[in-house]
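Accompanying notes for the structure given below.
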Amino acid sequence: MITGRVWSFGDHINTDLIMPGWVYDQSEEAQTKATFSAVRPGFADAFTPGDIITGGLNFGTGSSRPAARSLRNLGCACLLADSINGIFLRNCVSFGLLAVECPGIGALAQEGMDLSVDLETWQAGPAEGGNRLAIRPVPESLLKIMQGGGIFPVLERSGHIAPAG
Amino acid sequence: MGQTIIEKILARAAGRDSVTPGDIVDVAVDLAVLIDTNFYPAAWREVLKVAAPEKVAVIFDHRTPAPDNRAAEAHRVGRAFVETYGIERVHDVGRDMGIAHAVIAERGYGLPGSVLVCDDSHTCAAGAFNCAAMGVGEPDMIQSVTTGRTWFRVAPTIRYELTGILPEGVAAKDLFLWIAGLYGAHTGHNIEVGGPGLASLGMDARRTFATMAAELGSDFCTFEADQRLLDFMRARTDRPFTPQSPDPDATYAELRRIDLGAVRPRVALPHSILGNTASLQEAVGEPIQQAFIGSCANGTLDDLRMAAEVLEGRLVAPGVRLIVTPSSQAVYREALRLGYIATLMEAGAVVTNATCGACCGAHMGLLSAGETCITSSTRNFRGRMGDPSARIFMASSAVVAASAVAGRIAGVPVPNAEATA
Ligand code: SF4
C-alpha cells in the first residue's frame, strides 16, 4: 500500500508544462528543478518525496521528452490519472515512475489530501476511507520495469550500455 | 477474428498470428531513427553494441545548424556514434538536412507494413505510409538501437472512413482541427484512416494529418495503402515492403464517417487544442505580432505553395514577422525551383533553413512576453514557442499567410466564400 499527499492536476496536462522546452538541453537536475515552473512556480521545492500526483484525462500528452524522469527524480510515489497518454506511459515504464490509470481520480482527488493506492487489489481512494476507485491493472512485465528503476538497469545488466558514470 | 491494419503489422513484427487490444507485444524494430536531441548528455548513454546498424538512421533536426555550444556538442557526440557503428543513413547539416519526419517521408524510410520508432512524439507521421510508427522515449530508443527490439501496448482502434473531397481553401490541417473539435482526445486508442475519400488527399496532406494525430493523444495512426502510396514509395526506395490492409471483419472501437466536403477552416485557441478550437469566423480580428509556417506537419511543399498563393503580390503587414521554415532542404530546393520562395520573400517573409526551429522554441523565432502568434506548426502549448505569457493560435498555412498580411487573424479569400462560410 502506498500512501501520500496529493498534488492534483486537471485534464490534458502536457509534457511542455511538466518539463519546459528551455531545459531540454540542460542537465537532469536542471530539468527536475523546472518541473511545472510555468504554471506552479516553486513546485519542485515544495514537492516532498513520497507525494502523489493526480490528473484527469490524457495526462502527459505532447512531446516525448523525459518529463516522467523529472517526476521520478522528485520522488513521486505514484502518478494516477483518468487516462495516460501512450508515449508518456512508455516513459513512465522506461524511466521507472509508477503510473496507473484510474478513471474518476481527477474528480475525486483534492489537492493536499492523503491518498492511498493498493496495487494488490488495484484500488485507490482517500487514506481516511470512503470512495475507492478501480485502477486499471498494469501487466506484470511492465510493472516490474516501472518498479525496478526503468529500462537502463536492464540494458546495463545485459551489457548493451555502459554503467552510468 | 479480423484485425485492423496496426494489429496486423504488430502481429507480424512480433512473430505472431494475431494480436488483440490489451496485449503487450515485443516486436522487431525495422528502423530506429535517432535525432540530435538523443545525443545531449541528459539523454544519451554510452552504447556498447548496436543490434543492426543498417536498421538505424541518424537525423539532426531540432537545433540545426547548431545555435549554441550545447547543440554543437550534441552534434559532435552524434557524429562520433555514426562513425563508430558505420551508420549509413545519416542526415547531418547540409544538403540532406531536414526534420526527421519529413526526411523519413521523402526518402521512403517509413516502409508500408514496417515498424519505425523515433524519440519524437510526431513519429506517427509515417503512419501516412501504412507504417507502424510511434514516438517513444529516450530509453526506448537506446533499447531499440542496442537490442533491435521494443514493446508496444496494443490499443483498440478507431477507424475514420473518409468520403468526398475537401472544399477549396480547406486544408488537411483544418481536417485535423475539425476532428479534434468533434471528438477530442483519442488517448489509449489507435487511429486508422481509409475510405473512398482518401484518394483525394495527396501525400503531404495525409502526412499533415498523421503527424497531428500526436495531438489527438492516440498511439498509432495508420493509413490504408492505396495506389497513390505505392507509387510514392516505389519512386523513393528499392527496399521490399509488405503493406497491410484491414480484414473485412476487423474489430473497431468505433467507426466514424467523415464527409471531407463538410470540413471548414478552424483555429485552435491559445494553450491547447483539444476542447479549444473555434471556427475561423470566431477567431478573425485577433491582432498578431508573429506568424509561423513550418514544422514536420506543415513545412511541406503543399504548405509553401498555399502560402505563396496567398502572398503573391501582397505584403506582410507592418509590425508582423512572418517566419517560414521548410521541413527539409529538399522541400526548400523544390520551392525555390517553383518560385514559391521568391514570392514569400518578396512579401516580406523570412525563410529559414530546414529545422524544428521556432516550432519548439528552440531557435529562430521565439516569442516575447505578451505577444500573439498564429502558427501552422504542431503545438500551441503555453511556453512552447518562447515566453509562457505569449499566446499561440493554430491554423492552416493559408490562414497563417492571410493573417500575416492582415496583421490580425484573417480568412483566405476563396471563390464562393459565402457558400462555404
Ligand atoms: S517540427 Fe516541431 S513538432 Fe515536428 S519534430 Fe520538430 S519540434 Fe517536434
Side-chain angles (χ1 to χ4, degrees), chain A residues 11-12 14-17 20-31 37-39 57-69 82-96 101 136 139-142 145 150-152 154-156 158-165, chain B residues 22 24 26 37 40-43 45-49 51 62-63 68 70-71 74 118-123 134-140 142-143 145-147 150-153 155 184-189 214-215 217-220 272-275 360-362 379 381-386 388:
Chain A
D11 291 341
H12 308 303
N14 67 66
T15 52
D16 276 63
L17 285 181
W22 56 269
V23 286
Y24 207 118
D25 56 358
Q26 299 185 23
S27 68
E28 206 175 313
E29 294 70 36
Q31 291 175 0
S37 55
V39 280
L57 294 170
N58 198 23
F59 193 96
T61 189
S63 161
S64 60
R65 65 190 58 183
R69 178 174 63 189
D82 287 31
S83 61
I84 299 178
N85 173 270
I87 300 177
F88 186 78
L89 186 64
R90 291 186 73 90
N91 272 320
C92 294
V93 173
S94 298
F95 281 116
E101 292 183 318
R136 290 206 185 112
E140 190 56 38
S141 57
L142 299 188
I145 307 175
I151 236 164
F152 284 147
V154 178
L155 294 174
E156 285 175 14
S158 59
H160 286 96
I161 60 172
Chain B
I24 303 289
D26 171 52
T37 54
Y40 282 91
R45 292 290 301 261
E46 190 191 335
V47 163
L48 299 178
K49 46 182 100 152
H62 277 59
R63 290 172 171 84
D68 54 31
R70 286 191 175 109
C118 171
D119 175 25
D120 184 280
S121 50
H122 294 99
T123 302
M134 186 174 158
V136 301
E138 294 159 357
D140 302 321
I142 293 177
Q143 184 192 33
V145 166
T146 58
T147 70
T150 193
W151 63 272
F152 291 109
R153 174 183 65 169
H186 292 53
T187 314
H189 289 83
E215 306 317 307
S218 58
D219 288 0
F220 294 96
S272 68
I273 298 170
L274 298 176
C360 56
R379 292 198 170 120
F381 297 158
R382 184 185 288 283
R384 170 85 178 171
M385 298 177 72

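Chain A is the first sequence line, chain B the second, and so forth, proteins listed ahead of strands; every chain is numbered from 1.
Among B:His189, B:Lys49, B:Arg45, the residue with the largest count of heavy-atom pairs under 4.5 Å with chain A is B:Arg45. The candidate with the highest count of non-hydrogen atom pairs below 4.5 Å against chain B, out of A:Ser27, A:Gly21, A:Ser158, A:Pro66, is A:Pro66. In terms of heavy-atom pairs under 4.5 angstrom with chain B, the leader among A:Gly86, A:Ser64, A:Gly60 is A:Ser64. Contacts with chain B were tallied for A:Glu28, A:Arg69, A:Gln31; A:Arg69 has the most, counting heavy-atom pairs under 4.5 Å. Ranking B:Met385, B:His186, B:Met134 against chain A, the residue ahead of the rest is B:Met134, based on heavy-atom pairs under 4.5 Å. Per-residue counts of heavy-atom pairs under 4.5 Å with chain B were compared for A:Asp25, A:Ile84, A:Leu142, A:Val39; the largest is that of A:Asp25. Ranked by non-hydrogen atom pairs under 4.5 Å with chain B, the options A:Pro20, A:Pro139, A:Ser37, A:Ala164 are led by A:Ala164. When each of B:Pro388, B:Gly135, B:Gly22 is checked for heavy-atom pairs under 4.5 Å with chain A, B:Gly135 comes out on top. Your options are B:Pro139, B:Gly137, B:Ala42, and the one with the most heavy-atom pairs under 4.5 Å with chain A is B:Pro139. Ranked by non-hydrogen atom pairs under 4.5 Å with chain A, the options B:Asp140, B:Ile24, B:Asp120, B:Asp119 are led by B:Asp140. Among the candidates A:Asn14, A:Leu89, A:Val154, A:Asp11, the residue making the largest number of heavy-atom pairs closer than 4.5 Å to chain B is A:Asn14. The greatest number of non-hydrogen atom pairs below 4.5 Å with chain A, out of B:Val136, B:Thr123, B:Val47, is found for B:Val136.
When heavy atoms are compared at a cutoff of 4.5 Å, A:Thr15 does not approach chain B at all. When heavy atoms are compared at a cutoff of 4.5 Å, A:Val93 approaches chain B solely by way of its side chain, counted from C-beta outward. Neither the backbone nor the side chain of A:Leu57 comes within less than 4.5 Å of any heavy atom in chain B. Contacts between A:His12 and chain B at a heavy-atom distance below 4.5 Å involve the side chain alone, from C-beta outward. Looking at B:Thr147, the atoms closer than 4.5 Å to chain A (heavy atoms on both sides) sit in the backbone and in the side chain alike.
Remark: B:Glu138 CD to A:Ile151 CD1 distance equals 13.0 Å, nearest 0.5 Å. Distance check: B:Thr146 OG1 to A:Leu155 CG gives 5.0 Å after rounding to the nearest 0.5 Å.
A 4.5 Å side-chain heavy-atom check between A:Asp82 and B:Thr187 finds every atom pair outside the cut-off. The side-chain heavy atoms of A:Gln26 and B:Arg70, taken from C-beta on, include a pair separated by under 4.5 Å.
Considering only residues two or more places apart in sequence or on other chains, B:Arg384 meets the side chain to side chain donor-acceptor pair (under 3.5 Å) condition with A:Asp16. The side chain to side chain donor-acceptor pair (under 3.5 Å) check on B:Asp26 picks up B:Arg149, with sequence neighbours excluded.
No side-chain donor from either of B:Arg379 and A:Ser63 sits under 3.5 Å from a side-chain acceptor of the other.
Nearest approach of B:Trp151 to A:Arg90, heavy atoms of both residues: O-NH1, 2.5 Å.
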